[in-house]
Visitor: 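There's a structure below that I have some questions on.
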There are 2 protein chains.
Amino acid sequence: MATRSTARKDEFDALVVLERFLPYRLNVLAALSSNALAQIYAERFGLSIPGWRVIATLGQYDVRTARDIAAHGIMHKSTVSRAVSALEERGLVVRRANQQDRREELLALTAQGRAIYASLAPQALAFEEQLVSVLSREEQRTLSSLMDKLTRHARAMAPDGEAGQ
Amino acid sequence: MATRSTARKDEFDALVVLERFLPYRLNVLAALSSNALAQIYAERFGLSIPGWRVIATLGQYDVRTARDIAAHGIMHKSTVSRAVSALEERGLVVRRANQQDRREELLALTAQGRAIYASLAPQALAFEEQLVSVLSREEQRTLSSLMDKLTRHARAMAPDGEAGQ
DNA sequence: GATTAACCGTTGCTCCTGCAACCAATAAGC
DNA sequence: GCTTATTGGTTGCAGGAGCAACGGTTAATC
């Protein structure tokens, strides 16, 4: 193993090569993308990451429960709960009790919330566009399809309801 | 816009479709993979995520500074600092002052640290293998190459030294 | 060569986040 | 129908993580 006194193996007998280890690479890429995106919605709108995710989900789906949002984005339910409270306090989100099942609350954006969504969405898309601009359209489609496959499989692998609780 | 009283747009006029929005998808996939992997090194070895990353980096590169590790894995320098302190206290990592530049410290695994690395690495690889098993070898190579391109570009886009500070 | 700037790493502070326990409501079991 | 389990959501608590300010060291500037 340690043959030389001042060993410098430089990944000779490395067991895991991080640059090829998918979970590590996914984290690095997700962190880079998240950090960059966060600058937009944090600085300009004072939104946290979960806050933006809640708004984006409600912007797309109109009405959802906190549980749905958590499961969709692999967030802890307490994370979503607190994000929703903060957004409600700022008047961006409203809760409405579901009369069919009064355990859950139906969430929706207010007019103000939709305004932020409408203002933020194009900037988010522009960022994404810039990010994927190194790939050809064909490559983008391929990446998309591979990620879908992987995500479906990863969700299936996750212990029971780990797909967000 | 809101044409019907009980609107249910279901992504009709959604500005951002999360299922196709790359940063969101990257986060979801990274979270799924991280959560699953964390179970291995948290439960069996009491390691935090940054802790495991430090060990994996030193396992591969033998000797690195905290700064290197942070930049490599897009972690904040304080995160790495605290992870290293914890690992040192457990006797898994040693610091050695660099005599050429006494600002930085050269980090390395102890025998005990290497033992954990050796025990953990195969399990991590097995998990990765299981994760990518939905893809053919060809698809795995393609994904790998696309992710490399994207990551290089994302690193270049990041403000100056954001590639880990 | 003295001052200034840049850099590595640590730490106090604060906020975030996950866990687990909990409340309220519904569903299941008997 | 009453008890028990499950579920959606909240919250106290404790650990984790980012920010910014700092000490100590080296590089740059003049």
Side-chain angles (χ1 to χ4, degrees), chain A residues 27 30-32 34-36 38-39 41-43 46-54 63-89 93-107 159-165, chain B residues 27 31-32 34-36 38-39 41-43 46-54 63-89 93-107 158-165:
Chain A
N27 271 310
L32 283 168
S34 264
N35 290 349
Q39 284 199 325
Y41 50 70
E43 285 175 10
L47 290 176
S48 65
I49 296 181
W52 152 247
R53 287 170 148 221
V54 167
V63 172
R64 285 287 117 128
T65 68
R67 195 199 137 278
D68 293 335
I69 298 176
H72 195 268
I74 312 291
M75 292 185 284
H76 199 270
K77 61 179 183 173
S78 62
T79 304
V80 176
S81 169
R82 284 187 261 248
V84 168
S85 294
L87 294 174
E88 188 191 26
E89 216 155 311
V93 159
V94 283
R95 314 175 194 242
R96 179 162 49 85
N98 178 5
Q99 293 305 340
Q100 272 65 56
D101 184 342
R102 298 210 319 286
R103 283 174 300 187
E104 57 184 30
E105 290 177 313
L106 302 176
L107 305 172
D160 64 308
E162 161 89 18
Q165 43 166 326
Chain B
N27 271 311
L32 283 167
S34 264
N35 289 350
Q39 285 199 325
Y41 50 70
E43 285 175 10
L47 290 176
S48 66
I49 296 180
W52 152 247
R53 286 171 147 218
V54 167
V63 171
R64 286 285 119 131
T65 68
R67 196 200 135 279
D68 293 334
I69 298 176
H72 195 269
I74 313 288
M75 291 185 284
H76 200 270
K77 62 181 183 173
S78 62
T79 304
V80 176
S81 170
R82 283 187 259 250
V84 168
S85 294
L87 293 173
E88 188 191 27
E89 216 154 309
V93 160
V94 283
R95 314 176 193 242
R96 180 161 48 87
N98 178 6
Q99 293 304 340
Q100 273 65 55
D101 184 341
R102 299 211 320 285
R103 284 174 300 187
E104 57 185 30
E105 292 177 314
L106 303 176
L107 306 172
D160 64 307
E162 162 89 15
Q165 43 166 330

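Hydrogens, waters and symmetry mates play no part in the numbers below; they use all other heavy atoms, side chains included. The sequence lines fix the lettering, A, B, ..., with proteins before strands; numbering per chain opens at 1.
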Visitor: Could you tell me whether the side chain of B/R82 has a donor or acceptor atom within less than 3.5 Å of a complementary atom in the base of C/dG9?
Guide: no
Visitor: In the 5'-to-3' direction, what one-character label does each nucleotide of nucleotides 20-25 of chain C receive under the scheme B = base within less than 4.0 Å of a protein heavy atom, S = sugar-phosphate only, - = no such atom?
Guide: -----B
Visitor: Can you give me the closest heavy-atom contact between B/L87 and B/G51, atom names plus distance?
Guide: CD1-O, 3.8 Å
Visitor: Atom CE of A/M75 and atom C1' of D/dG9: how far apart are they, to the nearest Å?
Guide: 14 Å
Visitor: With nearest nucleotide decided by heavy atoms, which residue, A/S85 or B/P50, maps closer to the 5′ end of DNA chain D?
Guide: A/S85
Visitor: Is a donor on one side and an acceptor on the other found under 3.5 Å between the side chain of A/R102 and the backbone of A/A97?
Guide: no
Visitor: Before giving the answer on side-chain contact (heavy atoms from CB on, under 4.5 Å), spell out for B/K77 and B/R67 the whole-Å C-alpha distance, their side-chain angles and the decisive distance to 0.1 Å.
Guide: CA-CA 7 Å; B/K77 62 181 183 173; B/R67 196 200 135 279; over 6 Å; no
Visitor: Please report the distance, rounded to the nearest Å, between CD1 in B/I49 and C1' in D/dA17.
Guide: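 Distance, rounded to whole Å: 11 Å.
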Visitor: Rounded to whole Å, please give me the gap between CD in B/Q99 and C1' in C/dC8.
Guide: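 The distance from CD of B/Q99 to C1' of C/dC8 comes to 15 Å, rounded to the nearest Å.
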Visitor: Rounded to whole Å, please give me the gap between CD1 in B/I69 and C1' in C/dC8.
Guide: 13 Å
Visitor: Looking at A/R95, does any N or O in its side chain come under 4.0 Å of the phosphate oxygens OP1/OP2 on D/dG8?
Guide: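 Indeed not, no polar side-chain atom of A/R95 lies that close.
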Visitor: About how many Å separate CG of A/N35 and NE2 of B/H76, when rounded to the nearest 0.5 Å?
Guide: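 The distance works out to 10.0 Å.
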Visitor: In whole Å, what is the span from the CH2 atom of A/W52 to the P atom of C/dC16?
Guide: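 Distance, rounded to whole Å: 19 Å.
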Visitor: Looking at every heavy atom in both A/P50 and A/A83, which two are closest together, and how far apart are they?
Guide: CB-CB, 3.9 Å
Visitor: Got a sec, which residues hit side chain to side chain donor-acceptor pair (under 3.5 Å) with B/S34, two or more places apart in sequence or on another chain?
Guide: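 If we apply the side chain to side chain donor-acceptor pair (under 3.5 Å) test to B/S34, skipping adjacent residues, the hits are A/N27.
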Visitor: So, A/R64 side chain and A/L106 main chain: donor-acceptor pair closer than 3.5 Å or not?
Guide: no
Visitor: C/dG9 P sits how many Å from B/E88 CD, rounded?
Guide: 13 Å
Visitor: Please enumerate all residues that pass side-chain contact (heavy atoms from CB on, under 4.5 Å) together with B/R95, with sequence neighbours excluded.
Guide: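 Applying side-chain contact (heavy atoms from CB on, under 4.5 Å) to B/R95 gives B/V84, B/S85, B/E88, B/E105, B/L107.
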Visitor: Considering just the side-chain nitrogens and oxygens of B/T65, establish if one lies under 4.0 Å of OP1 or OP2 belonging to C/dC8.
Guide: no
Visitor: Does C/dT17 have OP1 or OP2 sitting under 4.0 Å from an N or O in the side chain of A/T79?
Guide: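 A/T79 to C/dT17 OP1/OP2: no side-chain N or O under 4.0 Å.
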Visitor: Can you tell me how far C1' of C/dC8 sits from CD of B/Q100, to the nearest Å?
Guide: 16 Å
Visitor: Who passes side chain to side chain donor-acceptor pair (under 3.5 Å) against B/S81, sequence neighbours left out?
Guide: none
Visitor: Among all residues two or more places apart in sequence or in another chain, which pass the salt bridge (Lys or Arg N to Asp or Glu O under 4.0 Å) test with B/E104?
Guide: none
Visitor: What protein N or O atoms touch nucleotides 1-3 of chain C N or O atoms at under 3.5 angstrom, if any, and at what distances?
Guide:
none

Visitor: Please report the closest heavy-atom contact between A/I49 and A/Y41, naming both atoms and the distance.
Guide: CG1-OH, 3.5 Å
Visitor: Which residues pass the side-chain contact (heavy atoms from CB on, under 4.5 Å) test with B/R103, not counting sequence neighbours?
Guide: B/D101
Visitor: Starting at CD of B/E105 and ending at P of D/dT25, how long is that distance when rounded to a whole Å?
Guide: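 Atom-to-atom, B/E105 to D/dT25, this comes out as 12 Å.
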Visitor: Have a look at the helix from C/dG1-D/dC30 to C/dC30-D/dG1 and give the angle its two end axes make, five pairs each, rounded to 10 degrees.
Guide: 30°
